[in-house]
Amino acid sequence: MLDLKLIREQPDLVRWAVSVKRTNLDVDALLELDRQVSAQRTRVEALQAERNRQAKAVRDASPEERPAGIQRGKEIAEQLKGEESLLRQLEQQLQPLLLQVPQIPLESVPVGESEEDNVVLREVGRRAEFAFPPRDHVALLERQGWAEFERVGKISGSRSYMLRGELVLLEQALLRFALDFLYARGYTLLSASALVRPETLFATGHFPGGEDQVYRIEGEALLLSGTAEVPINFLHAGEILNFEELPLRYGGISAAFRSEAGSAGRDVRGLIRVHEFKKVEQFVICEGSLEHSMALFGELLSNAEEFLQALELPYRVLQNCTADMGAGKLIMYDLECWVPSEQRYRETHSCSNLGDWQARRSQLRYRDPAGKLRFPHTLNNTAVATPRILVPLVECHQQADGRVRVPGALRPYLGGRELLGRALSAQEAR
RNA sequence: GGAGGGUUGGCCGAGCGGUUGAAGGCAGCAGUCUUGAAAACUGCAGUGGGGUGACCUACCGGGGGUUCGAAUCCCUCACCCUCCGCCA
(Lines give C-alpha, C1' and ligand atoms only; values in the text may rest on other atoms or scores of the structure.)
Protein backbone atom coordinates (compact mmCIF):
# COMPACT_ATOMS: atom_id res chain seq x y z
CA MET A 1 0.00 0.00 0.00
CA LEU A 2 1.18 3.47 -0.84
CA ASP A 3 0.36 6.71 0.90
CA LEU A 4 -2.84 8.06 -0.66
CA LYS A 5 -1.28 11.51 -0.60
CA LEU A 6 1.56 10.30 -2.77
CA ILE A 7 -0.91 8.79 -5.24
CA ARG A 8 -2.83 12.06 -5.40
CA GLU A 9 0.21 14.29 -5.65
CA GLN A 10 2.35 12.21 -7.97
CA PRO A 11 -0.04 10.20 -10.13
CA ASP A 12 2.52 10.06 -12.93
CA LEU A 13 4.98 8.29 -10.69
CA VAL A 14 2.32 5.75 -9.76
CA ARG A 15 1.33 5.32 -13.41
CA TRP A 16 4.96 4.68 -14.21
CA ALA A 17 5.24 2.03 -11.49
CA VAL A 18 2.03 0.39 -12.66
CA SER A 19 3.40 0.29 -16.17
CA VAL A 20 6.93 -1.00 -15.51
CA LYS A 21 5.64 -3.60 -13.08
CA ARG A 22 3.16 -4.83 -15.67
CA THR A 23 0.27 -4.26 -13.28
CA ASN A 24 -3.32 -4.01 -14.39
CA LEU A 25 -4.57 -0.97 -12.58
CA ASP A 26 -6.46 2.07 -13.80
CA VAL A 27 -4.88 4.89 -11.81
CA ASP A 28 -7.30 7.47 -13.17
CA ALA A 29 -10.29 5.39 -12.09
CA LEU A 30 -8.71 5.15 -8.67
CA LEU A 31 -8.18 8.90 -8.45
CA GLU A 32 -11.72 9.62 -9.58
CA LEU A 33 -13.12 7.24 -6.98
CA ASP A 34 -10.89 8.83 -4.37
CA ARG A 35 -12.35 12.25 -5.21
CA GLN A 36 -15.85 10.85 -4.86
CA VAL A 37 -15.02 9.31 -1.50
CA SER A 38 -13.56 12.61 -0.24
CA ALA A 39 -16.58 14.60 -1.38
CA GLN A 40 -18.97 12.09 0.16
CA ARG A 41 -16.99 12.07 3.40
CA THR A 42 -17.30 15.85 3.59
CA ARG A 43 -21.09 15.52 3.20
CA VAL A 44 -21.29 12.81 5.86
CA GLU A 45 -19.15 14.76 8.32
CA ALA A 46 -21.26 17.88 7.91
CA LEU A 47 -24.36 15.83 8.72
CA GLN A 48 -22.63 14.22 11.68
CA ALA A 49 -21.78 17.66 13.00
CA GLU A 50 -25.41 18.63 12.66
CA ARG A 51 -26.55 15.46 14.40
CA ASN A 52 -24.17 16.08 17.28
CA ARG A 53 -25.34 19.68 17.64
CA GLN A 54 -28.95 18.58 17.59
CA ALA A 55 -28.35 15.88 20.20
CA LYS A 56 -26.83 18.46 22.52
CA ALA A 57 -29.71 20.83 21.86
CA VAL A 58 -32.19 18.14 22.86
CA ARG A 59 -30.26 17.44 26.02
CA ASP A 60 -30.38 21.11 27.01
CA ALA A 61 -33.91 21.72 25.78
CA SER A 62 -36.86 22.48 28.00
CA PRO A 63 -39.54 19.76 28.18
CA GLU A 64 -41.73 21.78 25.83
CA GLU A 65 -39.04 22.15 23.15
CA ARG A 66 -37.92 18.59 23.41
CA PRO A 67 -40.35 16.77 21.05
CA ALA A 68 -39.57 19.16 18.21
CA GLY A 69 -35.83 18.70 18.77
CA ILE A 70 -36.14 14.93 18.78
CA GLN A 71 -38.16 15.08 15.59
CA ARG A 72 -35.46 17.22 13.96
CA GLY A 73 -32.82 14.75 15.16
CA LYS A 74 -34.74 11.87 13.62
CA GLU A 75 -34.76 13.63 10.27
CA ILE A 76 -31.03 14.19 10.38
CA ALA A 77 -30.41 10.59 11.42
CA GLU A 78 -32.53 9.36 8.54
CA GLN A 79 -30.63 11.46 6.01
CA LEU A 80 -27.30 10.51 7.54
CA LYS A 81 -28.11 6.84 7.24
CA GLY A 82 -28.39 7.13 3.47
CA GLU A 83 -25.28 9.25 3.03
CA GLU A 84 -23.21 6.99 5.27
CA SER A 85 -24.22 3.92 3.37
CA LEU A 86 -23.23 5.60 0.11
CA LEU A 87 -19.85 6.50 1.64
CA ARG A 88 -19.32 2.90 2.70
CA GLN A 89 -20.13 1.70 -0.79
CA LEU A 90 -17.64 4.09 -2.36
CA GLU A 91 -14.96 3.14 0.13
CA GLN A 92 -15.53 -0.51 -0.56
CA GLN A 93 -14.97 0.16 -4.24
CA LEU A 94 -11.80 2.14 -3.58
CA GLN A 95 -10.19 -0.29 -1.15
CA PRO A 96 -9.41 -3.10 -3.63
CA LEU A 97 -7.87 -0.55 -6.00
CA LEU A 98 -5.64 0.84 -3.28
CA LEU A 99 -4.47 -2.66 -2.41
CA GLN A 100 -3.31 -3.09 -5.98
CA VAL A 101 -1.18 0.04 -6.15
CA PRO A 102 2.38 -1.22 -6.50
CA GLN A 103 5.43 0.01 -4.65
CA ILE A 104 7.54 2.40 -6.71
CA PRO A 105 10.68 0.48 -7.69
CA LEU A 106 14.04 2.08 -6.94
CA GLU A 107 15.63 3.99 -9.78
CA SER A 108 18.46 1.49 -9.95
CA VAL A 109 16.11 -1.38 -10.81
CA PRO A 110 16.31 -2.38 -14.46
CA VAL A 111 13.06 -1.79 -16.31
CA GLY A 112 12.01 -4.92 -18.11
CA GLU A 113 9.12 -6.75 -19.69
CA SER A 114 9.62 -10.24 -18.31
CA GLU A 115 12.03 -12.39 -16.37
CA GLU A 116 14.13 -12.43 -19.52
CA ASP A 117 15.23 -8.93 -18.58
CA ASN A 118 16.60 -9.82 -15.17
CA VAL A 119 20.26 -8.90 -14.86
CA VAL A 120 23.02 -11.22 -13.71
CA LEU A 121 25.13 -9.27 -11.23
CA ARG A 122 27.77 -11.89 -10.55
CA GLU A 123 28.55 -15.57 -10.55
CA VAL A 124 30.27 -17.02 -7.52
CA GLY A 125 32.01 -20.35 -7.07
CA ARG A 126 33.35 -22.86 -9.55
CA ARG A 127 30.87 -25.10 -11.31
CA ALA A 128 31.71 -28.69 -10.58
CA GLU A 129 33.61 -30.52 -13.27
CA PHE A 130 32.79 -34.20 -13.40
CA ALA A 131 35.12 -36.88 -14.67
CA PHE A 132 32.03 -39.05 -15.05
CA PRO A 133 28.54 -38.44 -16.38
CA PRO A 134 26.78 -36.70 -13.47
CA ARG A 135 23.40 -38.01 -12.49
CA ASP A 136 20.41 -35.84 -11.87
CA HIS A 137 19.10 -35.70 -8.34
CA VAL A 138 16.16 -37.99 -8.99
CA ALA A 139 18.39 -40.77 -10.32
CA LEU A 140 20.79 -40.23 -7.48
CA LEU A 141 18.11 -40.34 -4.81
CA GLU A 142 16.41 -43.37 -6.26
CA ARG A 143 19.63 -45.37 -6.44
CA GLN A 144 20.55 -44.44 -2.87
CA GLY A 145 17.07 -45.16 -1.54
CA TRP A 146 16.83 -41.55 -0.41
CA ALA A 147 13.33 -40.78 -1.59
CA GLU A 148 9.98 -42.25 -2.48
CA PHE A 149 8.83 -40.75 -5.75
CA GLU A 150 6.66 -43.51 -7.26
CA ARG A 151 4.68 -44.65 -4.24
CA VAL A 152 4.07 -41.21 -2.83
CA GLY A 153 1.78 -40.32 -5.70
CA LYS A 154 -0.92 -42.52 -4.26
CA ILE A 155 -0.66 -40.64 -0.97
CA SER A 156 -0.43 -37.02 -2.05
CA GLY A 157 -0.62 -36.90 -5.84
CA SER A 158 1.73 -35.09 -8.14
CA ARG A 159 4.48 -32.76 -6.90
CA SER A 160 4.71 -34.76 -3.71
CA TYR A 161 7.75 -36.45 -2.31
CA MET A 162 8.94 -38.38 0.67
CA LEU A 163 12.54 -38.28 1.75
CA ARG A 164 14.01 -41.47 3.04
CA GLY A 165 17.04 -42.64 4.98
CA GLU A 166 20.09 -40.42 5.24
CA LEU A 167 18.54 -37.66 3.18
CA VAL A 168 16.15 -37.02 6.05
CA LEU A 169 19.17 -36.32 8.21
CA LEU A 170 20.72 -34.14 5.53
CA GLU A 171 17.54 -32.09 5.30
CA GLN A 172 17.43 -31.64 9.06
CA ALA A 173 21.11 -30.73 9.03
CA LEU A 174 20.45 -27.98 6.50
CA LEU A 175 17.57 -26.55 8.50
CA ARG A 176 19.49 -26.71 11.74
CA PHE A 177 22.58 -25.18 10.16
CA ALA A 178 20.47 -22.32 8.83
CA LEU A 179 18.98 -21.69 12.27
CA ASP A 180 22.39 -21.78 13.96
CA PHE A 181 23.77 -19.53 11.24
CA LEU A 182 21.14 -16.85 11.83
CA TYR A 183 21.16 -17.25 15.60
CA ALA A 184 24.90 -16.62 15.62
CA ARG A 185 24.25 -13.37 13.74
CA GLY A 186 21.82 -12.10 16.33
CA TYR A 187 18.57 -13.12 14.68
CA THR A 188 15.68 -14.03 16.93
CA LEU A 189 14.50 -17.49 15.98
CA LEU A 190 10.84 -18.27 15.45
CA SER A 191 9.16 -21.55 14.78
CA ALA A 192 6.03 -20.39 13.01
CA SER A 193 2.78 -21.99 12.01
CA ALA A 194 1.89 -21.82 8.34
CA LEU A 195 -1.80 -21.68 9.21
CA VAL A 196 -2.88 -18.08 8.82
CA ARG A 197 -5.88 -15.80 8.47
CA PRO A 198 -6.62 -14.13 5.17
CA GLU A 199 -5.72 -10.66 6.44
CA THR A 200 -2.13 -11.76 6.99
CA LEU A 201 -1.84 -12.47 3.27
CA PHE A 202 -3.30 -9.09 2.38
CA ALA A 203 -0.76 -7.54 4.73
CA THR A 204 2.23 -9.10 2.99
CA GLY A 205 0.79 -8.34 -0.44
CA HIS A 206 0.25 -11.95 -1.52
CA PHE A 207 -3.42 -10.96 -1.72
CA PRO A 208 -5.04 -9.67 -3.80
CA GLY A 209 -3.59 -11.52 -6.76
CA GLY A 210 -2.09 -14.69 -5.34
CA GLU A 211 -5.31 -16.32 -4.18
CA ASP A 212 -4.96 -19.33 -6.43
CA GLN A 213 -1.48 -20.08 -5.08
CA VAL A 214 -2.75 -20.62 -1.56
CA TYR A 215 -4.43 -23.65 -0.05
CA ARG A 216 -7.55 -23.14 2.02
CA ILE A 217 -8.77 -25.15 4.95
CA GLU A 218 -12.30 -26.28 4.30
CA GLY A 219 -14.77 -25.01 6.87
CA GLU A 220 -12.19 -22.69 8.42
CA ALA A 221 -11.29 -19.09 7.70
CA LEU A 222 -7.66 -20.15 7.60
CA LEU A 223 -5.18 -20.66 4.80
CA LEU A 224 -1.82 -22.34 4.45
CA SER A 225 0.91 -19.81 3.97
CA GLY A 226 3.64 -20.32 1.40
CA THR A 227 6.31 -18.70 3.54
CA ALA A 228 7.03 -17.69 7.14
CA GLU A 229 7.20 -14.12 5.84
CA VAL A 230 3.41 -14.11 6.24
CA PRO A 231 3.10 -14.98 9.94
CA ILE A 232 6.24 -13.06 10.90
CA ASN A 233 5.15 -9.90 9.12
CA PHE A 234 1.85 -10.02 11.00
CA LEU A 235 3.44 -10.76 14.35
CA HIS A 236 3.71 -7.05 15.16
CA ALA A 237 0.75 -5.90 13.08
CA GLY A 238 -1.09 -2.98 14.65
CA GLU A 239 1.76 -2.25 17.04
CA ILE A 240 3.77 0.86 17.67
CA LEU A 241 7.31 -0.41 18.00
CA ASN A 242 9.96 1.13 20.18
CA PHE A 243 12.59 2.91 18.16
CA GLU A 244 15.30 1.40 20.34
CA GLU A 245 14.39 -2.18 19.44
CA LEU A 246 14.82 -1.62 15.70
CA PRO A 247 15.94 -3.31 13.61
CA LEU A 248 14.06 -6.48 14.49
CA ARG A 249 15.85 -9.43 12.93
CA TYR A 250 13.96 -12.70 12.75
CA GLY A 251 14.88 -16.15 11.53
CA GLY A 252 11.70 -18.15 11.15
CA ILE A 253 11.33 -21.82 10.38
CA SER A 254 8.04 -23.10 9.05
CA ALA A 255 6.33 -25.45 6.68
CA ALA A 256 5.36 -23.79 3.41
CA PHE A 257 2.54 -24.67 1.06
CA ARG A 258 2.03 -23.63 -2.53
CA SER A 259 -0.63 -24.86 -4.89
CA GLU A 260 1.55 -24.08 -7.93
CA ALA A 261 -1.58 -23.32 -9.90
CA GLY A 262 -0.47 -22.11 -13.28
CA SER A 263 2.77 -24.09 -13.28
CA ALA A 264 1.19 -27.25 -14.67
CA GLY A 265 3.78 -29.33 -16.45
CA ARG A 266 6.73 -27.31 -15.17
CA ASP A 267 9.30 -29.11 -13.01
CA VAL A 268 6.90 -31.93 -12.25
CA ARG A 269 9.78 -34.33 -11.71
CA GLY A 270 11.86 -34.35 -8.57
CA LEU A 271 12.28 -31.91 -5.74
CA ILE A 272 12.45 -28.54 -7.48
CA ARG A 273 8.79 -27.57 -7.37
CA VAL A 274 6.69 -29.26 -4.70
CA HIS A 275 3.47 -28.35 -2.89
CA GLU A 276 4.84 -28.58 0.61
CA PHE A 277 8.30 -27.74 1.82
CA LYS A 278 10.25 -26.45 4.76
CA LYS A 279 11.92 -23.13 4.92
CA VAL A 280 13.99 -20.94 7.16
CA GLU A 281 13.23 -17.34 6.34
CA GLN A 282 15.03 -14.13 7.22
CA PHE A 283 12.72 -11.25 8.05
CA VAL A 284 13.70 -7.75 9.16
CA ILE A 285 11.76 -4.73 10.34
CA CYS A 286 13.87 -1.58 10.37
CA GLU A 287 13.79 2.18 10.55
CA GLY A 288 11.83 3.60 7.63
CA SER A 289 14.59 5.03 5.49
CA LEU A 290 16.35 3.71 2.43
CA GLU A 291 19.66 4.24 4.13
CA HIS A 292 18.73 1.69 6.80
CA SER A 293 16.75 -0.74 4.74
CA MET A 294 19.32 -0.94 1.95
CA ALA A 295 22.04 -1.66 4.50
CA LEU A 296 19.91 -4.50 5.81
CA PHE A 297 19.13 -5.62 2.28
CA GLY A 298 22.86 -6.06 1.90
CA GLU A 299 23.00 -7.97 5.16
CA LEU A 300 20.21 -10.38 4.18
CA LEU A 301 21.83 -10.91 0.83
CA SER A 302 25.28 -11.59 2.20
CA ASN A 303 23.82 -13.93 4.82
CA ALA A 304 22.34 -16.01 2.04
CA GLU A 305 25.52 -15.84 -0.01
CA GLU A 306 27.67 -16.90 2.92
CA PHE A 307 25.27 -19.73 3.57
CA LEU A 308 25.60 -20.98 0.00
CA GLN A 309 29.34 -20.57 0.15
CA ALA A 310 29.38 -22.64 3.32
CA LEU A 311 27.51 -25.32 1.40
CA GLU A 312 30.18 -24.98 -1.29
CA LEU A 313 27.58 -24.39 -3.97
CA PRO A 314 28.20 -22.31 -7.08
CA TYR A 315 25.53 -19.67 -7.51
CA ARG A 316 24.76 -16.43 -9.24
CA VAL A 317 23.13 -13.23 -8.07
CA LEU A 318 20.32 -11.99 -10.24
CA GLN A 319 18.70 -8.61 -10.05
CA ASN A 320 15.03 -8.92 -10.88
CA CYS A 321 13.71 -6.41 -13.37
CA THR A 322 10.60 -4.35 -12.71
CA ALA A 323 8.29 -6.86 -14.41
CA ASP A 324 9.49 -9.80 -12.32
CA MET A 325 9.59 -8.38 -8.83
CA GLY A 326 6.17 -8.37 -7.28
CA ALA A 327 3.89 -5.47 -6.50
CA GLY A 328 5.22 -4.53 -3.08
CA LYS A 329 8.92 -4.56 -3.74
CA LEU A 330 11.38 -1.70 -3.99
CA ILE A 331 14.15 -3.97 -5.12
CA MET A 332 14.67 -7.71 -5.38
CA TYR A 333 17.58 -10.06 -5.95
CA ASP A 334 17.31 -13.77 -6.54
CA LEU A 335 20.08 -16.23 -5.77
CA GLU A 336 20.27 -19.17 -8.09
CA CYS A 337 22.31 -22.31 -7.56
CA TRP A 338 23.98 -24.29 -10.31
CA VAL A 339 22.18 -27.52 -11.18
CA PRO A 340 24.57 -29.73 -13.21
CA SER A 341 21.89 -32.01 -14.65
CA GLU A 342 20.08 -29.06 -16.17
CA GLN A 343 23.23 -27.11 -16.97
CA ARG A 344 21.61 -24.00 -15.61
CA TYR A 345 21.02 -22.01 -12.45
CA ARG A 346 17.84 -22.53 -10.42
CA GLU A 347 16.38 -20.11 -7.91
CA THR A 348 16.93 -21.05 -4.27
CA HIS A 349 16.71 -17.67 -2.54
CA SER A 350 14.79 -14.48 -3.02
CA CYS A 351 15.79 -11.26 -1.28
CA SER A 352 13.45 -8.27 -1.17
CA ASN A 353 13.16 -4.81 0.29
CA LEU A 354 9.50 -3.78 0.49
CA GLY A 355 10.07 -0.31 1.89
CA ASP A 356 7.06 0.74 3.96
CA TRP A 357 4.59 -0.97 1.62
CA GLN A 358 3.98 -3.99 3.85
CA ALA A 359 4.14 -1.99 7.06
CA ARG A 360 1.35 0.28 5.85
CA ARG A 361 -0.81 -2.73 5.08
CA SER A 362 0.04 -4.23 8.45
CA GLN A 363 -0.58 -1.05 10.46
CA LEU A 364 2.94 -1.42 11.74
CA ARG A 365 4.55 1.75 13.02
CA TYR A 366 7.25 3.05 15.30
CA ARG A 367 7.85 6.33 17.07
CA ASP A 368 10.98 8.08 15.86
CA PRO A 369 13.22 10.03 18.25
CA ALA A 370 11.24 13.20 17.51
CA GLY A 371 8.10 11.42 18.69
CA LYS A 372 6.62 11.19 15.22
CA LEU A 373 4.86 8.00 14.13
CA ARG A 374 6.44 6.44 11.09
CA PHE A 375 6.15 3.27 9.05
CA PRO A 376 9.17 0.98 9.21
CA HIS A 377 10.64 -0.85 6.24
CA THR A 378 10.36 -4.61 5.98
CA LEU A 379 12.67 -7.00 4.19
CA ASN A 380 12.85 -10.71 3.70
CA ASN A 381 15.12 -13.32 2.21
CA THR A 382 15.27 -17.06 2.23
CA ALA A 383 17.87 -18.63 4.48
CA VAL A 384 17.25 -22.12 3.17
CA ALA A 385 14.34 -23.92 1.52
CA THR A 386 14.26 -27.67 1.37
CA PRO A 387 13.90 -29.94 -0.45
CA ARG A 388 14.75 -27.60 -3.34
CA ILE A 389 18.23 -26.84 -2.04
CA LEU A 390 18.91 -30.59 -2.00
CA VAL A 391 18.86 -30.58 -5.80
CA PRO A 392 22.00 -28.50 -6.35
CA LEU A 393 23.51 -29.87 -3.14
CA VAL A 394 23.44 -33.57 -4.02
CA GLU A 395 24.08 -32.97 -7.70
CA CYS A 396 27.08 -30.72 -7.19
CA HIS A 397 28.62 -32.87 -4.49
CA GLN A 398 28.00 -36.27 -6.05
CA GLN A 399 30.91 -38.62 -6.46
CA ALA A 400 31.65 -41.07 -9.27
CA ASP A 401 30.47 -43.93 -7.07
CA GLY A 402 27.11 -42.27 -6.33
CA ARG A 403 27.98 -41.12 -2.87
CA VAL A 404 27.54 -37.48 -1.88
CA ARG A 405 30.23 -35.42 -0.28
CA VAL A 406 29.07 -33.49 2.79
CA PRO A 407 30.31 -29.89 2.80
CA GLY A 408 32.35 -29.11 5.90
CA ALA A 409 29.73 -26.80 7.39
CA LEU A 410 27.17 -29.60 7.56
CA ARG A 411 29.45 -32.29 8.96
CA PRO A 412 28.91 -31.35 12.61
CA TYR A 413 25.23 -32.06 12.08
CA LEU A 414 25.90 -35.44 10.51
CA GLY A 415 28.20 -37.00 13.04
CA GLY A 416 31.27 -35.71 11.26
CA ARG A 417 30.60 -37.76 8.14
CA GLU A 418 32.28 -36.66 4.94
CA LEU A 419 30.28 -38.85 2.62
CA LEU A 420 26.66 -39.92 2.54
CA GLY A 421 25.29 -43.00 0.83
CA ARG A 422 26.86 -46.22 -0.20
CA ALA A 423 29.24 -46.78 -3.06
CA LEU A 424 27.20 -48.07 -5.96
CA SER A 425 28.38 -50.84 -8.21
CA ALA A 426 29.01 -49.92 -11.81
CA GLN A 427 25.77 -51.64 -12.76
CA GLU A 428 23.69 -49.85 -10.10
CA ALA A 429 25.21 -46.56 -10.92
CA ARG A 430 24.21 -46.73 -14.54
C1' G B 1 -17.79 -29.38 22.43
C1' G B 2 -20.43 -27.05 27.17
C1' A B 3 -20.63 -22.88 31.13
C1' G B 4 -18.98 -18.24 32.80
C1' G B 5 -15.69 -13.70 32.84
C1' G B 6 -13.11 -10.21 29.90
C1' U B 7 -11.06 -6.89 25.38
C1' U B 8 -10.69 1.14 26.90
C1' G B 9 -4.90 5.71 24.78
C1' G B 10 2.70 3.82 24.40
C1' C B 11 1.61 0.76 29.15
C1' C B 12 -1.65 -0.01 33.60
C1' G B 13 -6.52 1.26 34.87
C1' A B 14 -11.64 4.19 35.92
C1' G B 15 -15.88 4.96 33.29
C1' C B 16 -24.78 6.50 35.89
C1' G B 17 -27.05 6.52 27.69
C1' G B 18 -26.07 13.22 27.25
C1' U B 19 -19.78 19.10 28.52
C1' U B 20 -16.08 11.63 28.24
C1' G B 21 -11.57 11.94 23.47
C1' A B 22 -12.31 9.53 27.68
C1' A B 23 -10.68 10.20 35.39
C1' G B 24 -6.22 8.48 37.78
C1' G B 25 -1.30 6.33 37.58
C1' C B 26 3.28 5.04 34.87
C1' A B 27 6.27 6.15 30.84
C1' G B 28 7.33 10.70 27.36
C1' C B 29 8.35 16.11 26.38
C1' A B 30 9.14 21.26 28.34
C1' G B 31 9.99 24.28 32.59
C1' U B 32 11.02 25.55 38.08
C1' C B 33 14.61 24.00 41.77
C1' U B 34 19.98 21.99 41.64
C1' U B 35 27.12 22.81 40.23
C1' G B 36 24.95 18.41 37.63
C1' A B 37 21.60 14.42 38.25
C1' A B 38 17.66 12.41 41.09
C1' A B 39 13.40 13.73 43.85
C1' A B 40 9.55 17.28 44.19
C1' C B 41 6.43 20.78 41.82
C1' U B 42 4.16 23.23 37.24
C1' G B 43 2.75 22.77 32.31
C1' C B 44 2.29 20.03 27.44
C1' A B 45 0.82 15.72 25.38
C1' G B 46 -3.75 10.05 21.70
C1' U B 47 -4.43 8.32 16.28
C1' G B 48 -6.54 8.98 11.40
C1' G B 49 -9.43 12.30 7.94
C1' G B 50 -11.01 17.45 6.42
C1' G B 51 -10.11 23.01 6.70
C1' U B 52 -5.38 28.82 5.49
C1' G B 53 -7.51 29.12 10.37
C1' A B 54 -10.88 29.19 14.69
C1' C B 55 -12.53 24.48 14.24
C1' C B 56 -15.22 20.03 12.33
C1' U B 57 -15.25 14.62 12.12
C1' A B 58 -14.24 9.47 13.16
C1' C B 59 -11.94 5.98 16.44
C1' C B 60 -12.89 2.73 23.60
C1' G B 61 -11.37 -5.62 19.85
C1' G B 62 -14.17 -6.12 14.35
C1' G B 63 -19.06 -5.70 12.11
C1' G B 64 -24.31 -4.62 12.60
C1' G B 65 -28.50 -2.63 15.44
C1' U B 66 -31.59 0.36 19.19
C1' U B 67 -31.72 5.84 20.34
C1' C B 68 -32.64 12.81 19.17
C1' G B 69 -27.83 11.11 21.41
C1' A B 70 -23.80 4.87 22.56
C1' A B 71 -17.22 3.47 25.41
C1' U B 72 -21.90 2.73 28.19
C1' C B 73 -28.01 -1.06 25.84
C1' C B 74 -28.90 -5.33 22.10
C1' C B 75 -27.08 -8.92 18.22
C1' U B 76 -22.94 -11.15 15.91
C1' C B 77 -17.81 -12.45 14.96
C1' A B 78 -12.74 -12.74 16.61
C1' C B 79 -9.37 -13.08 20.47
C1' C B 80 -7.89 -13.65 25.83
C1' C B 81 -8.88 -15.85 30.83
C1' U B 82 -11.37 -19.61 34.26
C1' C B 83 -14.02 -24.30 34.95
C1' C B 84 -15.93 -29.06 32.71
C1' G B 85 -15.46 -32.69 28.64
C1' C B 86 -12.21 -34.72 24.77
C1' C B 87 -7.22 -35.19 23.15
C1' A B 88 -1.31 -35.58 20.30
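These values consider heavy atoms only, across backbone and side chains, with no hydrogens, waters or symmetry-generated copies. Throughout, a chain's letter reflects where its sequence line sits, starting with A, and its residues are numbered from 1.
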Which atom pairs, one a donor and one an acceptor, fall under 3.5 Å between side chains of residues 77-88 of chain A and the rest of the protein, sequence neighbours left out?
unit_1	atom_1	unit_2	atom_2	d
Glu83(A)	OE1	Gln40(A)	NE2	2.7
Glu84(A)	OE2	Gln48(A)	NE2	3.2

- Salt bridge present between Arg135(A) and Glu395(A) (N-O < 4.0 angstrom): no
- Item | P atoms of rG46(B) and rC11(B), separation to the nearest Å | 15 Å
Report, one pair per line, the protein and nucleotides 76-80 of chain B atoms (nitrogen or oxygen only) whose separation is under 3.5 Å.
unit_1	atom_1	unit_2	atom_2	d
rA78(B)	O3'	Arg197(A)	NH2	2.4
rA78(B)	O2'	Arg197(A)	NH1	3.0
rA78(B)	O2'	Arg197(A)	NH2	2.8
rC79(B)	OP1	Arg197(A)	NH2	3.4

- Identify, residue by residue, the members of residues 363-375 of chain A with a heavy atom below 4.0 Å from RNA chain B, and return them in order of residue number, or none. Arg365(A), Arg367(A), Leu373(A)
Pick out the pairs of N or O atoms, protein on one side and nucleotides 16-19 of chain B on the other, that lie under 3.5 Å.
unit_1	atom_1	unit_2	atom_2	d
rG18(B)	O2'	Arg59(A)	NE	3.2
rG18(B)	O2'	Arg59(A)	NH1	2.7
rG18(B)	N2	Ala55(A)	O	2.7

- Task: Measure centre to centre between the rings of Phe297(A) and Tyr333(A), then say whether the value is under 6.0 Å.
- Result: yes
- Message: What's the gap between rG6(B) and rC55(B) when it is taken at their C1' atoms, as a whole Å value?
- Response: 38 Å
- Pair partner, rC59(B) [Watson-Crick or wobble, under 3.5 Å]: rG46(B)
- Centroid-centroid under 6.0 Å between Phe277(A) and Phe257(A) rings: no
- Message: Work out how far the C1' atom of rC44(B) is from that of rU8(B), and round it to whole angstrom.
- Response: 23 Å
- Query: When you compare rU19(B) with rC59(B), how far apart are their P atoms, in angstrom units rounded to a whole number?
  - Reply: 15 Å
- Item | Student check: side-chain heavy atoms of Asn303(A) and Asn381(A) closer than 4.5 Å | no
- Answer yes if the side chains of Thr382(A) and His349(A) hold a donor-acceptor pair under 3.5 Å, and no otherwise. no
- Message: Please classify the nucleic acid contact of Arg8(A) as base, sugar-phosphate, or nothing, using heavy-atom distances under 4.0 Å.
- Response: sugar-phosphate
- Angle class for the Tyr215(A)/His275(A) ring planes (parallel below 30°, perpendicular above 60°, tilted otherwise)? perpendicular
- Query: Taking C-beta and beyond as the side chain, do Thr386(A) and Val280(A) meet within less than 4.5 Å on heavy atoms?
  - Reply: no
- Query: So which nucleotide does rA3(B) pair with, by the Watson-Crick or G-U wobble rule with both distances under 3.5 Å?
  - Reply: rU82(B)
- Task: Could you measure between the two C1' atoms, the one in rC12(B) and the one in rC16(B), and give it in whole Å?
- Result: 24 Å
- Looking at Asp28(A), Asn24(A), Leu30(A), which hits side-chain contact (heavy atoms from CB on, under 4.5 Å) with Asp26(A)? Asp28(A)
- Task: Quick one: list whatever passes side chain to side chain donor-acceptor pair (under 3.5 Å) with Arg51(A), sequence neighbours left out.
- Result: none
- Message: Return whichever of Ile240(A) or Lys74(A) has its heavy-atom-nearest nucleotide of RNA chain B closer to the 5' end.
- Response: Ile240(A)
- Message: Does this structure show an ion pair linking Asp356(A) with Arg374(A), if we count only N-O contacts that are shorter than 4.0 Å?
- Response: no
- Message: Any carboxylate oxygen within less than 4.0 angstrom of a Lys/Arg side-chain nitrogen, looking at Glu260(A) and Arg273(A)?
- Response: yes
- Query: Any Lys/Arg nitrogen of Arg22(A) or Asp324(A) sitting under 4.0 Å from an Asp/Glu carboxylate oxygen of the other?
  - Reply: no
- Task: Give none if rC11(B) has no partner; otherwise give the nucleotide forming a Watson-Crick or G-U wobble pair with it, both distances under 3.5 Å.
- Result: rG25(B)
- Note on the structure: Given protein heavy atoms under 4.0 Å, the one-letter contact record of nucleotides 56-63 of chain B, with B base, S sugar-phosphate only and - none, is simply SSS-----
- Message: In the structure I gave you, are the side-chain heavy atoms of Leu170(A) and Leu414(A) within less than 4.5 Å of one another anywhere?
- Response: yes
- If the C1' atom of rA39(B) is compared with that of rG50(B), how far apart are they to the nearest Å? 45 Å
